Q: 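Dropping a structure here in structure tokens format, bear with me for questions.
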Amino acid sequence: MKLRKYECIYVLRPDLSEDQEKKVSDRIQGIIDDQGGKLMIIDDWGVRRTAYPVQKHNKAHYIQITYAAPTTVVAETERIFRMLEDVLKFCSMRVANSVSTEEL
């Protein structure tokens, strides 16, 4: 199975508790792990001011993840992001076509 390197930034509502944020993060991690992917980096940027109001919020909690996974994982994570009410925005992008074993 060919793994590609992806990066995803998702934006959560600023009024969520730590438990709710962890619940979203655990769900995304579970999808990546279940479908044969490997989570490499989770970078929590914290609550920041948005450039424009997003669903009537002027602030949001930003989280960036980097992972290696098959192409099907991206579609599944984006499907889940669309279903979750706590996620305001998300953006996934491919960083590399292949991942070396040293990076994993």
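In this text the structure is predicted, and so the values were computed from the model without any measurement.
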Q: Return the set of residues passing side chain to side chain donor-acceptor pair (under 3.5 Å) with Gln55 (not counting sequence neighbours), or none when no residue passes.
A: none
Q: When you compare the side chain of Asn58 with that of Tyr52, does any pair of heavy atoms fall below 4.5 Å?
A: no
Q: State which residue, out of Arg4, Arg94, Lys2, fulfils the side-chain contact (heavy atoms from CB on, under 4.5 Å) condition with Thr71.
A: Arg4
Q: Would a 4.5 Å heavy-atom cut-off, applied to side chains only, mark Ser98 and Leu3 as touching?
A: no
Q: In chain order, what residues pass the side chain to side chain donor-acceptor pair (under 3.5 Å) check against Arg49, with sequence neighbours excluded?
A: none
Q: With side chains defined as the heavy atoms from C-beta onward, is the minimum distance between Thr66 and Tyr6 less than 4.5 Å?
A: no
Q: Please tell me whether Tyr62 and Ile28 are part of a single hydrophobic cluster in this structure, the criterion being side-chain heavy atoms less than 4.5 Å apart.
A: no
Q: Any side-chain heavy atom of Ile65 sitting closer than 4.5 Å to one from Ile41?
A: no
Q: Contact between Tyr67 and Lys5 at the side-chain level, heavy atoms closer than 4.5 Å - yes or no?
A: no
Q: Considering residues at least two apart in sequence or located in another chain, which fulfil the side chain to side chain contact (heavy atoms under 4.5 Å, CB included) criterion with Asp34?
A: none
Q: I'd like to know whether Arg82 forms a side-chain contact (heavy atoms from CB on, under 4.5 Å) with Phe90, so could you lay out the CA-CA distance, the side-chain angles of the two residues, the decisive distance to 0.1 Å, and finally the verdict.
A: CA-CA 9 Å; Arg82 282 186 200 96; Phe90 62 90; 4.0 Å; yes
Q: Side chains of Glu7 and Gln64: any donor to acceptor distance under 3.5 Å?
A: yes
Q: Show me the pairs that pass salt bridge (Lys or Arg N to Asp or Glu O under 4.0 Å) and involve residues 20-30, at least two apart or across chains.
A: Lys22-Asp26
Q: Among the clusters formed by ILVMFWY side chains lying less than 4.5 Å apart, do Met40 and Ile9 turn up in the same one?
A: no
Q: Just jot down the side chain to side chain donor-acceptor pair (under 3.5 Å) partners of Asp43, sequence neighbours excluded, or say none.
A: Trp45
Q: Is there a side-chain contact between Leu88 and His57, using heavy atoms and a 4.5 Å cut-off?
A: yes
Q: How long is the gap from OG1 on Thr77 to CD1 on Ile80, to the nearest 0.5 Å?
A: 8.5 Å
Q: Among residues at least two apart in sequence or on other chains, which ones pass side chain to side chain contact (heavy atoms under 4.5 Å, CB included) with Asp44?
A: His61, Ile63
Q: Apply side-chain contact (heavy atoms from CB on, under 4.5 Å) to Glu76 and Gln35, showing your working.
A: CA-CA 9 Å; Glu76 181 63 17; Gln35 296 197 13; 3.5 Å; yes
Q: For a quick test of your reading: what N or O donor-acceptor pairs under 3.5 Å do the side chains of residues 10-18 make, sequence neighbours left out?
A:
{"unit_1": "Arg13", "atom_1": "NH2", "unit_2": "Asp86", "atom_2": "OD1", "d": "3.3"}
{"unit_1": "Ser17", "atom_1": "OG", "unit_2": "Gln20", "atom_2": "N", "d": "3.4"}
{"unit_1": "Ser17", "atom_1": "OG", "unit_2": "Gln20", "atom_2": "OE1", "d": "3.4"}

Q: Should Met83 and Ile32 be regarded as members of a common hydrophobic cluster, given that ILVMFWY residues are connected when their side-chain heavy atoms come within less than 4.5 Å of each other, either directly or indirectly?
A: yes
Q: Starting from the C-alpha separation in whole Å, work towards a yes-or-no answer on side-chain contact (heavy atoms from CB on, under 4.5 Å) for Ile42 and Gln29.
A: CA-CA 10 Å; Ile42 300 175; Gln29 272 184 284; 4.1 Å; yes
Q: Can you list the residues that meet the side chain to side chain donor-acceptor pair (under 3.5 Å) rule with Glu78, with sequence neighbours excluded?
A: Ser92
Q: Hydrophobic clustering (ILVMFWY, side-chain heavy atoms < 4.5 Å, transitive) - are Leu39 and Phe81 grouped together?
A: yes
